[in-house]
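These notes are about the structure you will find just below.
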Amino acid sequence: MNLHRKGRAALVLALVAVVGMAFRVSWNALRDIAGAVGADDTAAMLYPFVVDGLMALALIATLVLADRDRTFALRVLGAYTVASLVLNYVHGLVPELHGRTVDWGRLADWDPANWALVLLATSLPVGSIYFGSDLVAKVLHHRPAPIPTVSTNAEESTETERKRSTADLAVSTPAPITPNATVLPRPVAVGFLKSTLPAKPRRSIEPAPLAAPIERRAVAAESTRPRRATGRVPDAAKPSRPKRTPEQLLAEAREATADWPDAKVTGEGIRRAIHTSPANARSLRDTILAERARTVGVAE
């Protein structure tokens with residue numbers, strides 16, 4: 001852990017040293033550019049802090065902010081990096097800037113290019129005020145996202161329960177009766193250790209005579225209302241659908257589940273599709289799944 005911290009500290013120090021040396025190299029170019037666009041000696045000395053200093057501020061904001069604010073800080077950093085590069089490039093192309101012998105406000109011979117360079121050099125301080133204030137405000141109002149805690153019931157919350165239909169539930173069976181495991185003492189023969197006195201004779205008790213069983217007879221209930229004459233059941237009252245044979249039920253089940261996946265082939269689904277009893281639906285389900293398994297085995 002100490003080596004890891006020392007390595008990070010060394011990396012930060014190296015970065016600060018490189019940035020400091022790069023700032024010193026860019027100092028002369030930005031100072032001469034500021035003098036060429038009308039800045040006095042004090043303003044020219046502070047001008048490099050305006051450009052390169054905002055770049056350092058944008059870099060720090062990039063490390064702190066997140067999401068859209070971090071993207072904004074990266075854009076500010078990129079824009080001022082390009083502006084500093086352009087001004088250093090112009091300083092290298094115009095030797096007169098080194099001795100400050102160039103005309104005041106003249107950075108290029110071509111007028112459109114000169115106007116663009118003067119606009120760039122003079123707008124950077126104003127942009128530093130605006131973008132620097134915005135970045136500082138974003139950093140001060142930034143709230144880091146809380147670290148999510150691992151819930152103790154995370155595994156239970158991810159479990160999914162499978163809903164099974166009534167026809168798929170197993171038939172409940174009664175609990176098996178366990179025999180009494182208590183070990184009884186072994187019988188000991190009389191007279192094994194000591195003799196026993198003969199017991200007194202006891203008078204036997206005769207059982208009481210059983211009463212004669214009561215004969216039950218079915219007695220018709222008397223009704224004061226006359227019974228209606230029964231006759232033939234009309235055809236309209238009879239069920240229109242005849243009773244289907246097992247072969248017909250299997251054929252209808254095959255036709256109904258032809259395009260069903262194996263997970264959907266359940267007893268409840270077959271019962272609703274062909275309107276049959278739960279027992280028949282379970283039997284048809286097992287038959288269809290067995291046929292599909294045999295078909296897949298033959299195909300392989």
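- For the residue pair A73 and T62, the shortest heavy atom distance occurs at CB-OG1, 3.5 Å.
- Of all heavy-atom pairs spanning Q248 and K243, the tightest one is OE1-O, 4.4 Å.
- Listed by first then second residue, pairs satisfying ring pair (Phe, Tyr, Trp, His ring centres under 6.0 Å) with a partner in residues 242-268 number zero, not counting sequence neighbours.
- Every residue was checked against the salt bridge (Lys or Arg N to Asp or Glu O under 4.0 Å) condition with D52, not counting sequence neighbours, and none meets it.
- Distance CG/L46 to CG/L30: 12.5 Å, rounded to 0.5 Å.
- Listed by chain and number, the residues in a side chain to side chain donor-acceptor pair (under 3.5 Å) with R75 amount to none (sequence neighbours excluded).
- Of all the heavy atoms in V139 and A61, the pair that sits closest is CG2-CB, 4.0 Å.
- Under the 4.5 Å side-chain heavy-atom criterion for Ile, Leu, Val, Met, Phe, Trp and Tyr, L284 and L289 are members of the same hydrophobic cluster.
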Exercise. Go through the steps to decide whether H275 and R271 satisfy the test side-chain contact (heavy atoms from CB on, under 4.5 Å), and finish with yes or no.
Key: CA-CA 5 Å; H275 303 287; R271 186 186 69 80; over 6 Å; no
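- For L77 against M55, the heavy-atom pair with the smallest separation is CD1-O, 3.3 Å.
- The side chain to side chain contact (heavy atoms under 4.5 Å, CB included) search around A43 returns A39, D40, not counting sequence neighbours.
- The salt bridge (Lys or Arg N to Asp or Glu O under 4.0 Å) search around R70 returns none, not counting sequence neighbours.
- With sequence neighbours left out, V82 forms a side chain to side chain contact (heavy atoms under 4.5 Å, CB included) with V86.
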Using a 3.5 Å cut-off and no angle test, enumerate the donor-acceptor pairs between side-chain atoms of residues 120-132 and protein atoms at least two apart in sequence or in another chain.
unit_1: T122; atom_1: OG1; unit_2: V118; atom_2: O; d: 2.7
unit_1: T122; atom_1: OG1; unit_2: L119; atom_2: O; d: 3.3
unit_1: S123; atom_1: OG; unit_2: L119; atom_2: O; d: 2.8
unit_1: S123; atom_1: OG; unit_2: L120; atom_2: O; d: 3.2
unit_1: S128; atom_1: OG; unit_2: V50; atom_2: O; d: 2.9
unit_1: S128; atom_1: OG; unit_2: Y80; atom_2: OH; d: 3.2
unit_1: S128; atom_1: OG; unit_2: L124; atom_2: O; d: 2.9

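- Each ring pair (Phe, Tyr, Trp, His ring centres under 6.0 Å) pair with one or both residues in residues 31-52, not counting sequence neighbours, appears once here: F23-F49, W27-F49.
- Rounded to the nearest 0.5 angstrom, I33 CD1 and N28 CG are separated by 11.5 Å.
- The CE atom of M45 sits 8.5 Å away from the OG1 atom of T42 when rounded to the nearest 0.5 Å.
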Self-check item: side-chain contact (heavy atoms from CB on, under 4.5 Å) evaluation trace for L250 with E291
Solution: CA-CA 11 Å; L250 181 59; E291 291 178 353; 4.3 Å; yes
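- Taking OG from S283 and CD1 from I270, the interatomic distance works out to 9.5 Å, rounded to the nearest 0.5 Å.
- Residues passing the salt bridge (Lys or Arg N to Asp or Glu O under 4.0 Å) test with D262 are R292, sequence neighbours excluded.
- Between the CG atom of L54 and the CG atom of L59 there is a distance of 11.0 Å, given to the nearest 0.5 Å.
- Here the closest heavy-atom approach between residue N88 and residue S26 is recorded as ND2-OG, 3.2 Å.
- Looking at residues two or more places apart in sequence or on another chain, you find a side chain to side chain contact (heavy atoms under 4.5 Å, CB included) between A279 and S277, R282.
- Between V136 and L57, some side-chain heavy-atom pair lies under the 4.5 Å cut-off.
- With hydrogens and angles ignored, the 3.5 Å screen pairs no side-chain donor or acceptor of H91 with any backbone N or O of L87.
- Contacts of E255 classified as salt bridge (Lys or Arg N to Asp or Glu O under 4.0 Å), with partners at least two apart in sequence or in another chain: none.
- Evaluation of the side chain to side chain contact (heavy atoms under 4.5 Å, CB included) rule for D69 yields L65, K138 as partners, not counting sequence neighbours.
- Under a hydrophobic-cluster definition in which Ile, Leu, Val, Met, Phe, Trp and Tyr are linked whenever side-chain heavy atoms come within less than 4.5 Å, directly or via other members, L13 and M21 are assigned to different clusters.
- V265 and R285 make their closest contact through O-CG, 3.6 Å (heavy atoms, listed as atom of the first residue, atom of the second, distance).
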